[in-house]
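Worksheet: the structure to be examined is printed underneath.
Since this is a predicted model, take the numbers as computed values, not measurements.
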Amino acid sequence: MIKQLTRSDLSVAAEVVRISFATVAEAFGLTEQNCPRHPAFAVTEERLQGFFGKSCRMYGLFEDGKMVGYTALSDQGDGVYGIHNLAVLPGYRHKGYGKRLLDVCKRQVMASNGVNIKIEIIEDNTMLKDWYLANGFRALGTERIEQLPFLVGFLAWECNELNEQRR
């Protein structure tokens, strides 16, 4: 079951994000010292509280009453939306939960007459990049951001008739 989260869910949501992104941090050698803004280290209940309600919807995916997945969808203006911290706990991966969370965001954007969804990833995370590409995203390019120890990849999903027909 996926539901839109309330403020009372944000403590658990932050924990889901940190645990989920810890595997990414480990795989890419990220630490709190070399990448303090990475979700494995930076996402706290207080930080989520700061985004809550500011053109940002947060969703949790629950299995047997336990939150095992999370994502946030923000309205960035002019029909552009962003997906943030799409996360599934390690023991619950490869069950289609990430796709279900992604599909909720796509439906929300289509219902809002949005233009597209953008996301930023670690460019060298080829498994994740391939997953987004398989789910209708296209690569927009990369950028080296001085404060980050990795190349950032930018992807977008276009909200158009072809995507609507696939739903």
Side-chain angles (χ1 to χ4, degrees), residues 10 13-59 61 69-90 93-94 97-110 112-160 162-164 166:
L10 299 185
E15 184 177 353
V16 167
V17 172
R18 286 191 308 272
I19 291 169
S20 299
F21 275 84
T23 60
V24 176
E26 183 178 340
F28 289 92
L30 305 178
T31 66
E32 199 164 0
Q33 289 70 39
N34 70 12
C35 195
R37 293 181 14 206
H38 189 268
F41 317 114
V43 174
T44 62
E45 177 182 1
E46 293 76 22
R47 185 167 179 180
L48 294 183
Q49 291 282 358
F51 290 113
F52 191 85
K54 294 182 179 178
S55 300
C56 186
R57 293 185 180 142
M58 299 176 183
Y59 300 95
L61 185 142
Y70 166 89
T71 196
L73 180 69
S74 67
D75 183 345
Q76 299 176 349
D78 296 325
V80 176
Y81 290 77
I83 290 180
H84 311 279
N85 301 323
L86 194 147
V88 176
L89 290 173
R93 293 177 181 164
H94 308 293
Y97 291 167
K99 182 173 179 359
R100 287 178 55 197
L101 286 164
L102 185 59
D103 287 346
V104 163
C105 293
K106 288 177 176 180
R107 284 193 300 274
Q108 183 62 49
V109 170
M110 286 189 291
S112 301
N113 295 314
V115 175
N116 64 32
I117 300 173
K118 293 186 176 180
I119 191 161
E120 301 168 6
I121 64 168
I122 296 173
E123 178 66 16
D124 290 338
N125 191 339
T126 54
M127 187 167 73
L128 182 62
K129 183 176 181 179
D130 289 346
W131 182 81
Y132 276 109
L133 294 173
N135 279 285
F137 281 71
R138 64 182 172 85
L140 299 176
T142 61
E143 183 179 337
R144 174 74 54 195
I145 298 175
E146 187 176 327
Q147 305 92 322
L148 299 176
F150 52 82
L151 187 63
V152 176
F154 299 91
L155 297 107
W157 177 82
E158 304 299 326
C159 187
N160 59 39
L162 177 60
N163 287 329
E164 290 181 41
R166 291 180 184 162

Contacts of type side-chain contact (heavy atoms from CB on, under 4.5 Å), residue I19, not counting sequence neighbours: E15, L89, P90
Separation of R57 CZ from S74 OG (nearest 0.5 Å): 11.0 Å
Distance-minimising heavy-atom pair for P39 and N85: CG-OD1, 3.2 Å
Side chain R93, main chain V88, donor-acceptor under 3.5 Å: yes
Ring pair (Phe, Tyr, Trp, His ring centres under 6.0 Å) partners of F52, counting only residues at least two apart: none
Please tabulate, for the side chains in residues 114-127, all donor-acceptor contacts under 3.5 angstrom to protein atoms that are two or more places apart in sequence or on a different chain.
unit_1 : atom_1 : unit_2 : atom_2 : d
E123   : OE2    : K129   : NZ     : 2.6
N125   : OD1    : L128   : N      : 3.2

Spacing of CE belonging to M110 relative to CG belonging to D103, to within rounding of 0.5 Å: 8.0 Å
Verdict with reasoning, Q108 to Y81, per side-chain contact (heavy atoms from CB on, under 4.5 Å): CA-CA 10 Å; Q108 183 62 49; Y81 290 77; 5.8 Å; no
Any side-chain heavy-atom pair of R37 and V43 under 4.5 Å: no
Heavy-atom closest pair, residues A14 and L48: N-CD1, 3.6 Å
Side-chain (D78) to main-chain (V80) donor-acceptor, under 3.5 angstrom: no
Minimum side-chain heavy-atom gap Y70-L61 below 4.5 Å: no
Shortest non-hydrogen contact from L140 toward A156: CD1-CB, 3.6 Å
Inter-residue atom distance S112.OG - L73.CG, 0.5 Å rounding: 8.0 Å
Identify every side-chain donor-acceptor pair in residues 144-151 under 3.5 Å, counting partners at least two apart or on other chains, and give the distances.
none

Heavy-atom donor-acceptor pair, S20 side chain to V17 backbone, under 3.5 Å: no
side-chain contact (heavy atoms from CB on, under 4.5 Å) partners of A25, counting only residues at least two apart: L30, H38, A40, F41
Spacing of I83 atom CD1 and Y59 atom OH [to the nearest 0.5 Å]: 10.0 Å
Whether over 12 other heavy atoms sit under 6.0 Å from D130 CG: yes
Set of residues satisfying side-chain contact (heavy atoms from CB on, under 4.5 Å) with respect to E46, sequence neighbours excluded: T44
Residue pair A87 / F21: nearest heavy atoms and the distance that separates them: CB-CE1, 3.9 Å
V152 side chain reached by F154 side chain, heavy atoms, under 4.5 Å: yes
Flag for T71-H84: side-chain donor and acceptor within less than 3.5 Å: no
CD (E26) with more than 12 external heavy atoms under 6.0 Å: no
Candidate pair E158 and F137, rule side-chain contact (heavy atoms from CB on, under 4.5 Å), full reasoning: CA-CA 7 Å; E158 304 299 326; F137 281 71; over 6 Å; no
Minimum heavy-atom distance L86-Y132, with the two atoms named: CB-OH, 3.9 Å
Where A72 and M58 come nearest, the two heavy atoms and their spacing: CB-CG, 4.1 Å
Derivation of the side-chain contact (heavy atoms from CB on, under 4.5 Å) call for S55 and Q76: CA-CA 8 Å; S55 300; Q76 299 176 349; over 6 Å; no
Test log, rule side-chain contact (heavy atoms from CB on, under 4.5 Å), inputs W157 and C105: CA-CA 11 Å; W157 177 82; C105 293; over 6 Å; no
